[in-house]
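Okay, so here's the structure we're looking at.
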Amino acid sequence: MNFDALIAYITSTPLTWIIVTLSAYKAGILIYEKTGKHALLQPIVIAYVIMLPILIVAQIPYKQYFESVSILHFFLGPATVALALPLYKNLKLIRAYLLPICITLFAGGIFTILSAVGILWLLSASKITMLSMTTKSVTAPITLITAQDIGANASLAIGFVVITGLLGALFGTFVFKLLKIKHDAAKGFALGLISHAVGTARAFEISENAAAFSALAMGLVGVFIAVFLPLVTQFL
Amino acid sequence: MLHGILTLLLFQFAGECISKLFELKIPGPIIGMVLLLLFLVIRKGSFHALDNAVFWLLRYLPLFIIPAAAGIITQVETISNELVAILASLIVGTFLALAFSAKLMDILISKKEER
């Protein structure tokens with residue numbers, strides 16, 4: 001038996017890391033479903049908790065890990081294009097509330113960037129952190145394809161996106177009670193606008209209508225920020 | 001399913017080509033998404049293979065994010081140096097933005113319905 005050849009194979013094949021990554025995500029899905037789909041126990045969060053210690057213990061350079069699993073990363077492009085379909089299905093909602101939707105989209109989209117970056121600026125954070133924070137409310141695939149164009153760090157940006165999603169889902173009910181929000185459409189739209197897919201999962205627990213507005217907001221703000229940010233950041 | 005995947009890849013390809021050709025600052029897949037949206041509006045509906053491909057891709061979306069997300073291990077220094085600012089920005093920023101957007105939309109809808 002040739003153990004050296006075996007170990008050389010295991011440490012060099014992309015299969016190892018694809019299997020580890022898929023297993024971590026599968027474990028995430030199982031735990032998420034076992035806990036009754038608790039909004040804070042998103043599969044990606046559990047996958048993070050499992051993956052990071054393994055990567056650290058294995059002492060694999062991140063570049064090598066990324067190259068091994070780049071086949072997964074490839075699907076972000078078509079997945080972004082795929083977001084057109086849920087957007088199309090909820091497009092009819094726009095007609096009923098054209099003005100509220102447009103105003104909230106522009107004002108809320110700019111507010112979520114300025115408030116987060118403003119706080120970083122006040123606490124004298126670095127430029128790369130501020131740029132990576134600009135896409136915090138955007139759904140993850142759009143964040144990743146926009147990150148390069150605006151000079152952000154993709155990994156930091158995605159971390160901020162995941163945490164913003166969780167926080168929005170966590171704060172939702174409390175904020176809506178505090179401010180006496182009456183319309184489900186407003187609750188859903190705000191959740192999707194600020195907390196993308198995690199917010200939309202939370203909106204499903206409010207009502208179908210809230211979820212539809214949330215999915216609509218998530219798509220619209222993704223396009224809005226992806227188009228608007230690279231135009232602004234090129235002057236920085 | 002294959003027809004659906006091919007449709008998505010073609011729209012992404014078209015988007016990337018347009019972005020390069022006209023030196024646009026907009027990412028190619030975003031242009032592809034807008035083109036597909038226009039296509040669906042003109043066509044007045046989707047088709048089965050596209051529905052399947054989209055369902056599959058969006059269902060496993062978080063999985064596709066993991067390769068980039070794992071890169072957070074290279075950012076430990078930045079995060080520990082700026083931990084307070086980052087946490088304040090995320091927590092306070094998200095709270096304010098959610099409150100602002102929900103209240104604004106709620107007021108606008110109420111005004112519209114009064115009329």
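Reminder, nothing fancy here: chain letters follow the sequence lines and each chain counts from 1.
Applying the ring-ring contact (aromatic ring centres under 6.0 Å, His included) test to pairs two or more places apart or on separate chains, those with a residue in residues 67-101 of chain B are A:F111-B:F100, A:F171-B:F95.
The shortest side-chain heavy-atom distance between B:W56 and A:F75 falls under the 4.5 Å cut-off. The closest side-chain heavy-atom distance from B:S110 to A:K182 is below 4.5 Å. Put simply, the side chain of A:L167 reaches to within 4.5 Å of the side chain of B:I91, judged on heavy atoms. No side-chain heavy atom of A:P230 sits under 4.5 Å from any side-chain heavy atom of B:I26. Side chains of B:L108 and A:L99 form no contact here, defined as non-hydrogen atoms less than 4.5 Å apart. Considering only heavy atoms from C-beta on, B:M105 stays 4.5 Å or farther from A:K187 through its side chain.
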- Task: Kindly determine whether B:F64 and A:F74 satisfy side-chain contact (heavy atoms from CB on, under 4.5 Å), including the steps that lead there.
- Result: CA-CA 8 Å; B:F64 307 143; A:F74 169 80; over 6 Å; no

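Inspection of non-hydrogen atoms places B:P27, B:P29, B:I30, B:G32, B:M33, B:V34 of residues 27-34 of chain B under 4.5 Å from chain A. The interface of residues 14-25 of chain B with chain A, defined by heavy-atom distances below 4.5 Å, comprises B:K25.
For A:V81, the parts sitting under 4.5 Å from any heavy atom of chain B are the backbone and the side chain alike. At a 4.5 Å heavy-atom cutoff, A:L229 makes no contact with chain B through either its backbone or its side chain. No part of B:L38 comes within reach of chain A, as not one of its non-hydrogen atoms sits under 4.5 angstrom from that chain. Proximity to chain B is limited to the side chain of A:L193, based on heavy atoms less than 4.5 angstrom apart. In this structure, chain B has no heavy atom under 4.5 Å from any part of A:I113. Heavy-atom distances place both the backbone and the side chain of B:L63 under 4.5 Å from chain A. If you measure heavy-atom distances from A:F189 to chain B, the contacts under 4.5 Å come from the side chain alone. Proximity to chain A (any heavy atom under 4.5 Å) is shown, for B:T94, by both the backbone and the side chain. A:I103 touches chain B through backbone and side chain together, each having a heavy atom under 4.5 Å away. For A:P61, no part lies near chain B; criterion is any non-hydrogen pair under 4.5 Å. Heavy-atom distances place both the backbone and the side chain of A:A185 under 4.5 Å from chain B. For A:K89, the part lying under 4.5 angstrom from a heavy atom of chain B is the side chain only. If you measure heavy-atom distances from A:F174 to chain B, the contacts under 4.5 Å come from the side chain alone. With a threshold of 4.5 angstrom between heavy atoms, B:I79 approaches chain A through side-chain atoms but not through N, CA, C or O. Heavy atoms of A:A47 lying under 4.5 Å from chain B belong exclusively to its side chain. The part of A:I158 that comes within reach of chain B is its side chain, from C-beta onward, which places non-hydrogen atoms under 4.5 angstrom from that chain. With a 4.5 Å cut-off on non-hydrogen atoms, B:T7 does not touch chain A at all. Looking at A:L156, both its backbone and its side chain come within 4.5 Å of chain B, counting heavy atoms on both sides. Residue B:K103 touches chain A through both its backbone and its side chain, counting heavy-atom pairs closer than 4.5 Å. When heavy atoms are compared at a cutoff of 4.5 Å, A:Y88 approaches chain B by way of both its backbone and its side chain. B:D51 touches chain A through backbone and side chain together, each having a heavy atom under 4.5 Å away. Proximity to chain A (any heavy atom under 4.5 Å) is shown, for B:Q12, by both the backbone and the side chain.
In terms of heavy-atom proximity, A:A96 sits nearest to B:K112 at O-CE, 2.8 Å. Smallest separation of non-hydrogen atoms from A:A186 and B:I109: N-CD1, 4.1 Å. Shortest non-hydrogen contact noted between B:A99 and A:V175 is CA-CG1, 3.6 Å. Closest non-hydrogen pair, A:A107 versus B:L104, comes out as CB-CD2, 3.7 Å. Across all their heavy atoms, B:A85 and A:L120 have their closest contact at O-CD2, 3.5 Å. Of all the heavy atoms in A:P78 and B:L9, the pair that sits closest is CG-CD2, 3.9 Å.
Using modelled atom types, one side-chain atom of A:S155 and one backbone atom of B:A68 make a donor-acceptor pair closer than 3.5 Å.
For the side chain to side chain donor-acceptor pair (under 3.5 Å) test, no residue two or more places apart in sequence or in another chain qualifies with B:K44.
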